[in-house]
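Heads up, the thing below is written out as structure tokens.
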Amino acid sequence: MSSFSGEALTSKLAALNSTAQSIQTVSLWLIHHRKHARTIVKVWYKHLMKAKPNKKLTYVYLANDVVQNSKKKGPEFNREFSTVIVKAYKHVYSHLPDEKTLVSMQRVLKVWSDRNVFKKDITQKLKATVYGKSKEPEEEEEEVVVEPPAPEPEKREKTPEEEEEDESPAKRPKVEDMERILLSELKPEDIPEPEDLAQALRDLENSASSDATVREKIARLPPEVQDVSLLEKIKEKEDADSLSKMVNEALELLDVYNDRLTAELNDRENLAKMLKNFTIHQDQELSKAEEKLREYDEKYQKVTTVRKELESHIQNLPDLTLLPDVTGGLAPLPSAGDLFSLEL
């Protein structure tokens, strides 16, 4: 791996792009030179501030990868990024180029919060940038009150601004609700077994993206196999043959790793579908169980009411054993056979 210098650092940050391979390669190089963490973070911050709005998110992704993957090797990067991450996040959040970037920034913040990447006070300051100083996203949802529109004195056509407001996301059904409606009728073969779901999750534990060994090899690839401009320095056939061998080895390494990443991507897409179908199926089963519970609870209440009424009725019936003897010792009444007997 190339030695550390200010020029090398600036060159790598300038060449950084939004692909996972580029971010991971630069991240590994930075972590390898973590003893220069303070200098690295200062230069990173300058590049982020000067970058165009559509590239600022890439620098945030790089910081996220460095901080999380360097945790086991030492606290240097976490300590240094903690001094600038709030200012950096606020800067990027105030220069969002589109809604997609907004969602990505909020997703990064959620990961940092869920995994306790930074200290609690820093996370709170980051959340304040998005949700305000005293509000969490859940609280905002609970406090939203949809008021009916004020009556207008007379009907008029809506302006384009008003029509756009009527179609605002707050008044549209949630994407999750629409997905559940569209996928409400699942085929039996679409519902995964719990054992299959658990196995799919276990299979991803050794995924290509978590293979630090291969990532390290890729990060150590010499500049000659990545920079076409360096070919001009080759003057001898032996040097060309040597470079050709290195290029072929690099291609083979990258080809195999890209195939693994593609397979992992397919596995994760299948797992996401399995999880979605499994969740929808469980929601359906829960609804059925709740409906059954309500049905049998109603029957239970009816039977309980009948039992109480029956007990009350029984208590109000007279006790025949306590009635007086009104026959006075008279002969018993004739039977039906006696009444129809031919003997007079």
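- Checked by atom type, the side-chain pair Asp203/Gln199 shows a donor-acceptor distance below 3.5 Å.
- No more than 12 heavy atoms of other residues, nucleotides or ligands shown are found within 6.0 angstrom of NZ on Lys217.
- No donor-acceptor pair closer than 3.5 Å links the side chain of Asp297 to the backbone N or O of Leu293.
- Side-chain polar atoms of Ser82 and Lys119 form no donor-acceptor pair below 3.5 angstrom.
- Dense packing is recorded around CD of Gln301, with more than 12 heavy atoms of other residues, nucleotides or ligands lying under 6.0 Å away.
- Both Trp112 and Leu102 belong to a common hydrophobic cluster when Ile, Leu, Val, Met, Phe, Trp and Tyr are linked at side-chain heavy-atom distances under 4.5 angstrom.
- Contact check on Arg294 versus Glu298 returns no salt bridge, with no Lys/Arg side-chain nitrogen under 4.0 Å from an Asp/Glu carboxylate oxygen.
- A donor-acceptor distance shorter than 3.5 angstrom exists from the side chain of Asn270 to the backbone of Asn266, with no hydrogens or angles considered.
- The minimum heavy-atom distance linking Asn17 with Thr58 is given by the pair O-CG2, 3.3 Å.
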**Message:** Would Glu269 and Lys273 count as a salt bridge (charged side-chain N to carboxylate O under 4.0 Å, His left out) here? Give the steps.
**Reply:** CA-CA 6 Å; Glu269 289 176 349; Lys273 184 178 180 181; over 6 Å; no

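- Here the side chain of Lys56 pairs no donor or acceptor atom with the backbone of His91 at under 3.5 angstrom.
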**Message:** What verdict does the side-chain contact (heavy atoms from CB on, under 4.5 Å) test give for Lys90 and Lys125, after you've listed the backbone C-alpha separation in whole Å, the side-chain angles of each residue and the deciding distance to 0.1 Å?
**Reply:** CA-CA 10 Å; Lys90 287 182 178 179; Lys125 291 178 182 178; 5.8 Å; no

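- No donor-acceptor distance shorter than 3.5 angstrom exists from the side chain of Ser312 to the backbone of Lys308, with no hydrogens or angles considered.
- Remark: side-chain polar atoms of Thr83 are not paired, donor with acceptor, to backbone N or O of Arg79 under 3.5 angstrom.
- When atom types are taken as modelled, the side chain of Ser242 and the backbone of Glu238 share no donor-acceptor pair closer than 3.5 angstrom.
- Panel note: side chain Ser113, backbone Leu109; no donor-acceptor pair is recorded below 3.5 Å.
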**Message:** Could you go through His33 and Leu9, starting from their C-alpha distance and side-chain angles, then the distance that decides it, and tell me whether this counts as side-chain contact (heavy atoms from CB on, under 4.5 Å)?
**Reply:** CA-CA 10 Å; His33 297 289; Leu9 174 61; over 6 Å; no

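- Two residues are said to be in side-chain contact when any heavy atoms from C-beta on lie closer than 4.5 Å; Asn277 and Ile191 fail this criterion.
- The side-chain heavy atoms of Phe4 and Trp29, taken from C-beta on, include a pair separated by under 4.5 Å.
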**Message:** Pair Val84, Trp44 - check side-chain contact (heavy atoms from CB on, under 4.5 Å), show working.
**Reply:** CA-CA 10 Å; Val84 299; Trp44 169 88; 4.0 Å; yes

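- Between Glu264 and Arg268, at least one side-chain N (NZ, or NE/NH1/NH2) sits under 4.0 Å from a carboxylate O, which counts as a salt bridge.
- Contact detail for Pro192 and Phe278: the closest heavy-atom pair is O-CD1, 3.6 Å.
- Nearest heavy-atom pair, Phe77 versus Ile31, reported as atom, atom and distance to 0.1 Å: CE1-CA, 3.9 Å.
- Formation of a donor-acceptor pair under 3.5 Å by the Asp255 side chain with backbone atoms of Leu251 is not found in this model.
- Using a 4.5 Å cut-off on side-chain heavy atoms (C-beta onward), Arg260 and Asp211 make contact.
- Counting only N and O atoms by type, the side chains of Thr101 and Asp98 include a donor and acceptor under 3.5 Å apart.
- Looking only at distances, no side-chain donor or acceptor of Ser244 sits under 3.5 Å from a matching main-chain atom of Ala240.
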**Message:** Assess the residue pair Asp241 and Lys237 against the criterion (salt bridge (charged side-chain N to carboxylate O under 4.0 Å, His left out)); give the C-alpha distance rounded to whole Å, side-chain angles, the decisive distance to 0.1 Å, and a yes or no.
**Reply:** CA-CA 6 Å; Asp241 291 340; Lys237 185 176 183 303; 3.0 Å; yes

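- Between Glu291 and Lys288 no salt bridge is recorded (no basic side-chain N to carboxylate O distance below 4.0 Å).
- Checking side-chain atoms of Ser22 against main-chain N and O of Thr19 turns up no donor-acceptor pair under 3.5 Å.
- The side chain to side chain contact (heavy atoms under 4.5 Å, CB included) with Val86 is formed by just one residue from the set Ile122, Asp121, Thr123; it is Ile122.
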